[in-house]
Amino acid sequence: MNTARRALYTLALSLASSWACAAVTVTVDATRPGPVINKNVYGQFVEHLGGGIYDGLWVGPKSRIPNTRGWRNDVVGALKELKVPLVRWPGGCVADDYHWRDGIGPREKRTVRVNASWVDVNETNAVGTHEFFDLAEQLGAETYVNGNLGSGTVREMADWIEYMTGDSQSTLARERRKNGRDKPFKVDFFAIGNESWGCGGEMKPEAYAALYRQYHTFLRGGPGVRPKMIASGGHSGDPIWTDVLSRELKGKTMGISHHYYTVPTAQWEPKGPALGFQEDQWMSTIRQTLLMDGHIKKNIAALDQNDPENKIGLLIDEWGTWYDPDPGTNPGFLIQQNSLRDAVVAALNFNIFHQYPERVTMTNIAQMVNVLQAMIMTQKDKMILTPTYHAFHMYRPFQDAASLPATIADNENYSFGKDTVPVVSVSAARAKDGKLYLALVNTHPGKATEVALNVNGKNVAGVNGRVLTAEAMDAHNTFTNPKALQPVTYEAKAVDGKLSLRLPAKSVMVVAVNER
Ligand code: AHR
């Protein structure tokens, strides 16, 4: 959209629209701040998969693409703007095939392997442990390293932790120093295996729990630097892994992971295209993504039963949309365009995660760059910010904010075919800057909605922030039109003490509330 068209569109969003629905009322209780929404709910996942690391993030120090010690300046700069709090690496399925020694020492001498998880391309191991921590340090992010349970050994995993965190004169700590890193790396989180029910070894939860206990015994780390340990759990809502692991691993894990991907057709083949879909797949995508709430509830119920002290978190360390690969791309690279629909999906999930701040203390969208529901897509030296990037950007105030109860009265329903979903989704929080933020989503692809805002205990003068919307359901950015879809400013003022927000069709809005 060019500047003039965008200005007109902004105006149109702010003015009255004849096709708006009747008022939905959102009530926020600002007098009852709840638990903090952990910033790591906005975590990211990066895997050795397709262009997810190589080319997308890592170009090597000798590249003509501007970089800092091999990491692209443009991509890292954009990610810094997002305030990425946490990065998970090296997989995914790759984690259980990853041997850390392949990725240390002089780059030209590193072991080249075949990436057995993802279409057998050469894995040069140019990105290894030192490079990963350099990326995390450039981003100012916490680190989440996923260990190899499936094809590794206890010794290998214990050595990796000692190599990364040891501050002694042990041979492993000295080797790290020889490789250029004097002080220990800060490993914030460490997972023992990934998807151990599938690509991580096709185990049963009881067998995994026994192995976890064995590994956990020997993963010591230096004094006071033991990473917080994560157990690899189940998927798609089934609470059996959460149930078994929360009984078996008491005192030995800070959280159990859970994976759930939003697939429009609810089946793996075909999944549905990223672009050019019709309203049936708009609806099915929204329906499928809203299932996240029930999946979380079921798993938290198991945790509440086995861990009433709330010592174990539910970590959604892989989530996002998964479509058919973009036509003409390598199907194993999981390249998919990213449209307004993805931004709506992201925001709906954020609003769900915010409801469980005490259990859902981490999530990692899959994946950061070029793979699945990416923040950024690259093509040689070009980069585009996706609608999902913009949703993450708009929601930055929610990182480490105090959640606030927000309820919706008279919500509208959106129906298509046999499906019906609520039109408005909401979340509210008191951010670290002291302001009250409100996030709203309109799931209806064709109707704007009036939202009356009522903040208990406070007089509200107005709101200002940004809204992301477009005319087409699959509006997206391209390398030739990288700014086609961007958030625009939005503000509304109270009239006679009453504040009403116009939430455009298929939109994501985040506003700061001006309290008097
Ligand atoms: O994110 C892509 C893959 O999805 C991951 O490697 C795996 O953990 C999951 O099945």
Side-chain angles (χ1 to χ4, degrees), residues 43-54 56-57 86-99 113-121 123 127 132 144-152 189-203 205 208 230-238 241 255-264 266-269 271 274 288-289 292 295 314-326 329-336 338 342 345-346 349 362-377 386 388:
Q44 307 261 332
F45 168 39
V46 63
E47 182 169 19
H48 289 247
L49 192 176
I53 290 187
Y54 298 112
L57 270 157
L86 169 77
V87 186
R88 174 180 183 237
W89 169 85
C93 292
V94 162
D96 284 294
D97 246 331
Y98 185 75
H99 300 282
R113 289 194 189 268
V114 161
N115 186 331
S117 299
W118 301 108
V119 293
D120 293 343
V121 291
E123 167 57 64
V127 170
F132 167 67
Y144 172 1
V145 175
N146 208 121
N148 177 350
L149 177 73
S151 68
F189 301 94
F190 190 93
I192 300 179
N194 166 71
E195 293 195 353
S196 299
W197 45 265
C199 64
E202 296 195 20
M203 301 174 201
Y208 171 83
I230 294 175
S232 177
H235 67 104
S236 309
D238 185 347
W241 280 71
I256 297 169
S257 74
H258 195 86
H259 294 177
Y260 175 59
Y261 285 97
T262 298
V263 180
Q267 58 187 28
W268 286 107
E269 294 303 333
K271 301 176 187 71
Q288 288 304 111
T289 219
M292 179 68 92
H295 295 345
L314 180 69
L315 317 178
I316 314 295
D317 68 4
E318 286 186 30
W319 67 274
T321 54
W322 196 326
Y323 306 128
D324 296 332
D326 280 356
T329 62
N330 184 331
F333 283 8
L334 311 187
I335 298 170
Q336 60 186 43
N338 192 294
D342 294 83
V345 163
N349 279 281
M362 174 198 292
T363 88
N364 303 75
I365 191 165
Q367 299 190 4
M368 195 147 75
V369 178
N370 286 335
V371 176
L372 297 176
Q373 192 177 346
M375 309 303 108
I376 292 174
M377 300 181 80
T386 67
T388 298

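All ligand and atom numbering here is 1-based and tracks the order in the structure.
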Only counting residues at least two apart or in another chain, list the ones meeting salt bridge (charged side-chain N to carboxylate O under 4.0 Å, His left out) with Glu318. Arg88

Salt bridge (charged side-chain N to carboxylate O under 4.0 Å, His left out) with Asp342: which residues, sequence neighbours excluded? none

Measure up the Trp322 and Trp268 rings against each other and bin them: parallel (under 30°), tilted (30 to 60°), perpendicular (over 60°).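 Trp322 vs Trp268 ring planes: perpendicular.
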
Going by the rule side-chain hydrogen bond (donor to acceptor under 3.5 Å, both in side chains), which residues pair with His48 if we only count those two or more places apart in sequence or in a different chain? Trp89, Glu123

May I have every N or O pair linking ligand 1 to the protein at under 3.5 Å, one per line with atom names and distance?
from, atom 1, to, atom 2, distance (Å)
ligand 1, 1 (O), Tyr261, OH, 2.8
ligand 1, 1 (O), Gln367, NE2, 3.0
ligand 1, 4 (O), Tyr261, OH, 3.4
ligand 1, 4 (O), Glu318, OE1, 3.2
ligand 1, 6 (O), Glu47, OE1, 2.8
ligand 1, 6 (O), Glu47, OE2, 2.9
ligand 1, 6 (O), Cys93, N, 2.9
ligand 1, 8 (O), Asn194, ND2, 3.1
ligand 1, 8 (O), Glu195, OE2, 3.4
ligand 1, 8 (O), Glu318, OE1, 3.1
ligand 1, 8 (O), Glu318, OE2, 2.7
ligand 1, 10 (O), Glu195, OE1, 2.8
ligand 1, 10 (O), Glu195, OE2, 3.1

Does Val369 offer a backbone N or O that forms a donor-acceptor pair with the side chain of Gln367 under 3.5 Å?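 No, Gln367 side chain to Val369 backbone: no donor-acceptor pair under 3.5 Å.
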
Verify whether the ring centers belonging to His235 and Trp197 lie closer than 6.0 Å.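 When the ring centroids of His235 and Trp197 are compared, they turn out to be within the sub-6.0 Å range.
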
